[in-house]
Amino acid sequence: MKILAFDIGGTAIKIGIINEQGHILESREVPTLAKEGGEALMNRLLMIIGEYKDLDRIGISTAGQVDHIEGKIIFASENLPGWTDMEIKRRIEEAYNIPTAVENDVNAAAIGEAYYGAAADNKAFLCLAYGTGIGGAIVENGKIYRGAFGSAGEFGHTITHVGGNDCNCGGKGCYETYASTSALVSRVMHDLCIEEANGRIIFKLLEEGNQDIKKIINDWLFEITMGLVNFVHIFNPSLIVLGGGIMAQPYIIRYITENLPKYIMPNYSRVKIVEAKLGNNAGILGAAHMAIEM
Ligand SMILES: [Zn+2]
C-alpha cells in the first residue's frame with residue numbers, strides 16, 4: 001500500500017510517502033504560505049497530490065479542530081486563516097477518488113507514537129505537546145478517545161490557577177498560560193530583561209550555571225508537573241508521552257520523573273514519563289496509519 005501523508009502546520013507542510021509497515025520512503029517540506037488563505041492552501045494540496053502516481057490512500061494531519069468523520073476543519077486559528085470549514089476529505093476524494101483520512105495534528109502525532117514511536121508497546125496513554133500552547137490526546141486501545149462531540153483532550157485549557165493569566169481561549173488561569181514553552185520564554189524575557197529567548201538559549205544558560213534561569217525553569221517545570229498530577233489522577237495512565245521541541249532537553253523529563261511521584265497517590269505512581277520519539281515525523285506517520293485503518 002502506498003500512502004501519501006501531509007502534516008500541515010502554520011509555517012510548513014511536511015509531506016511523506018509511507019508504506020503499510022509505517023516506513024517513510026521519501027519526505028520533504030514546503031512552506032505553508034498560510035497568509036495566502038485557506039482556498040490557496042487547499043489548491044496547493046490538490047496540486048501536490050497530482051504529482052504522485054498509484055496512491056492507495058491519503059492521510060492528512062492538520063492544525064486546527066477537525067471533524068474526522070467528515071474530514072473537515074471545524075475551527076482553525078489565525079495561524080491558518082480561511083482554513084475553518086474547509087472540506088478537505090470531500091475536495092480530495094472528488095478530485096482524485098483516493099480514500100482520505102483527516103485528523104488533528106496532536107491526535108495524529110499521538111497515533112504515530114502509538115504505532116511507531118515512544119508508545120509502541122502501549123495502547124493506553126496520554127500524549128501532550130508543549131509549544132505555543134499545550135495540545136493533548138488520549139489514546140485507549142490504540143484509538144483516540146474523542147468524547148461526545150469530538151474535542152476531548154484539551155489539556156492546555158484545564159485551569160490550574162483560578163482567576164489567573166488571561167488565555168487566548170477567553171478563559172483565565174489555563175494550564176498552557178503557565179506551562180507551555182511560550183510561557184517559559186516570556187517569563188525569561190520579562191524577568192531577566194532579555195530581548196530574545198528560545199528553548200535552546202534558555203537551556204544553554206542553565207548549562208552555564210545561571211541560577212536565575214534555573215529558578216525560572218524549575219518554577220515552569222513545577223507548573224508542568226502540577227498539570228500532570230491532575231491528568232494522572234483522572235486517567236490513571238501507564239505512560240505519558242511528552243512532545244514539542246523543548247522536550248529534547250533531558251533536564252525536563254528527569255525533573256518530572258523525580259518530582260511527579262511526590263504529588264500523586266501511591267497507587268498511581270507506576271506511570272512512566274517519556275519523551276516523544278518520532279519528532280516532526282509523528283504527524284505524517286499517524287496520518288498514514290489512520291489512512292491505512294480506514
Ligand atoms: Zn485557555
Side-chain angles (χ1 to χ4, degrees), residues 4-18 24 26-49 51 58-66 72-86 88 91-92 102-113 117 127-137 154 156 167-169 176-177 179-186 188-189 195-203 242-249 275-288:
L4 173 63
F6 293 88
D7 186 14
I8 304 166
T11 51
I13 303 173
K14 177 127 193 175
I15 304 162
I17 290 287
I18 294 163
I24 299 173
E26 54 177 271
S27 72
R28 63 185 169 119
E29 233 174 79
V30 299
T32 309
L33 307 177
K35 279 194 192 127
E36 293 181 3
E39 193 52 38
L41 176 54
M42 189 67 233
N43 285 328
R44 228 169 42 259
L45 287 186
L46 291 170
M47 222 172 69
I48 292 168
I49 295 166
E51 294 169 14
I58 294 172
I60 297 194
S61 152
T62 170
Q65 292 171 23
V66 171
K72 66 179 251 190
I73 303 292
I74 299 166
F75 176 77
S77 75
E78 276 313 294
N79 291 336
L80 290 173
W83 201 228
T84 299
D85 291 332
M86 188 59 71
I88 305 171
R91 295 279 295 270
I92 293 174
V102 184
E103 185 53 88
N104 157 269
D105 52 2
V106 181
N107 285 350
I111 289 297
E113 295 291 345
C127 188
L128 281 91
Y130 294 75
T132 317
I134 298 173
E154 283 287 0
C167 180
N168 61 17
C169 73
E176 69 175 38
T177 68
S180 63
T181 307
S182 301
L184 170 68
V185 170
S186 2
V188 166
M189 286 165 59
E195 273 190 21
E196 216 186 298
N198 58 41
R200 221 165 289 141
I201 294 174
I202 291 169
F203 278 85
L242 303 181
I246 194 108
M247 291 300 158
Q249 302 293 337
E275 184 198 338
K277 214 174 174 180
L278 300 175
N280 68 356
N281 285 329
I284 52 172
L285 282 168

Would you give me the side-chain donor-acceptor pairs under 3.5 Å for residues 130-137, sequence neighbours excluded?
| from | atom 1 | to | atom 2 | distance (Å) |
| --- | --- | --- | --- | --- |
| Tyr130 | OH | Tyr175 | OH | 2.9 |

Task: Atom pair CZ/CD1 of Phe6 and Ile88 - distance to nearest 0.5 Å - done: 10.5 Å
- [ ] Provide the closest heavy-atom pair for Ile18 versus Ala5 in the form atom of the first, atom of the second, distance.
- [x] CD1-CB, 3.9 Å
Open item on the list: For Glu51, give me all partners under side-chain hydrogen bond (donor to acceptor under 3.5 Å, both in side chains), at least two apart in sequence or on another chain.
Closed with: Arg28
Task: Approximate separation, where rounding is to 0.5 Å, of Gln249 CD and Ile202 CD1 - done: 9.5 Å
- [ ] Answer whether the closest heavy-atom distance between the side chains of Ile73 and Leu80 falls below 4.5 Å.
- [x] no
Task: Pairwise side-chain contact, Asn43 with Leu46, heavy-atom cut-off 4.5 Å (strictly under) - done: yes
Task: Qualifying residues under side chain to side chain contact (heavy atoms under 4.5 Å, CB included), relative to Ala129, sequence neighbours excluded - done: none
- [ ] Could you tell me whether the side chain of Glu113 and the main chain of Leu278 form a donor-acceptor pair under 3.5 Å?
- [x] yes
Task: Residues that Ser180 engages under side-chain hydrogen bond (donor to acceptor under 3.5 Å, both in side chains), provided they are two or more places apart - done: none
Task: side chain to side chain contact (heavy atoms under 4.5 Å, CB included) involving Leu33 - partner list, sequence neighbours excluded - done: Pro31, Glu36, Arg44
Task: Residue pair Asn281 / Lys14: nearest heavy atoms and the distance that separates them - done: OD1-NZ, 2.9 Å
- [ ] Report the residues that fulfil side chain to side chain contact (heavy atoms under 4.5 Å, CB included) with Glu26, sequence neighbours left out, ordered by chain and then residue number.
- [x] Ile17, Tyr52
Task: Heavy-atom side-chain proximity of Val66 to Ile60 below 4.5 angstrom - done: no
Would you mind writing out the side-chain donor-acceptor pairs for residues 102-110 within the sub-3.5 Å range, not counting sequence neighbours?
| from | atom 1 | to | atom 2 | distance (Å) |
| --- | --- | --- | --- | --- |
| Glu103 | OE1 | Arg146 | NH1 | 3.2 |
| Glu103 | OE1 | Arg146 | NH2 | 2.7 |
| Glu103 | OE2 | Asn107 | ND2 | 3.1 |
| Asn104 | OD1 | Val106 | N | 3.0 |
| Asn104 | OD1 | Asn107 | N | 3.0 |
| Asn104 | ND2 | Gly64 | O | 2.9 |

TODO: Could you grab the distance from atom CH2 of Trp83 to atom OG1 of Thr62, nearest 0.5 Å is fine?
DONE: 5.5 Å
Task: Residues in side-chain hydrogen bond (donor to acceptor under 3.5 Å, both in side chains) contact with Glu39, at least two apart in sequence or another chain - done: Arg91
Task: Spacing of Ile13 atom CD1 and Leu45 atom CG [to the nearest 0.5 Å] - done: 5.5 Å
Task: Residues that Thr84 engages under side chain to side chain contact (heavy atoms under 4.5 Å, CB included), provided they are two or more places apart - done: Phe75, Ala76
Task: Side chain Thr32, main chain Ala34, donor-acceptor under 3.5 Å - done: no
Task: Reported CG-to-CD1 distance for the pair Asn198 and Ile246, which is rounded to 0.5 angstrom - done: 8.0 Å
TODO: Can you measure from CD (Glu29) to CG (Asp7) and round to the nearest 0.5 angstrom?
DONE: 9.0 Å
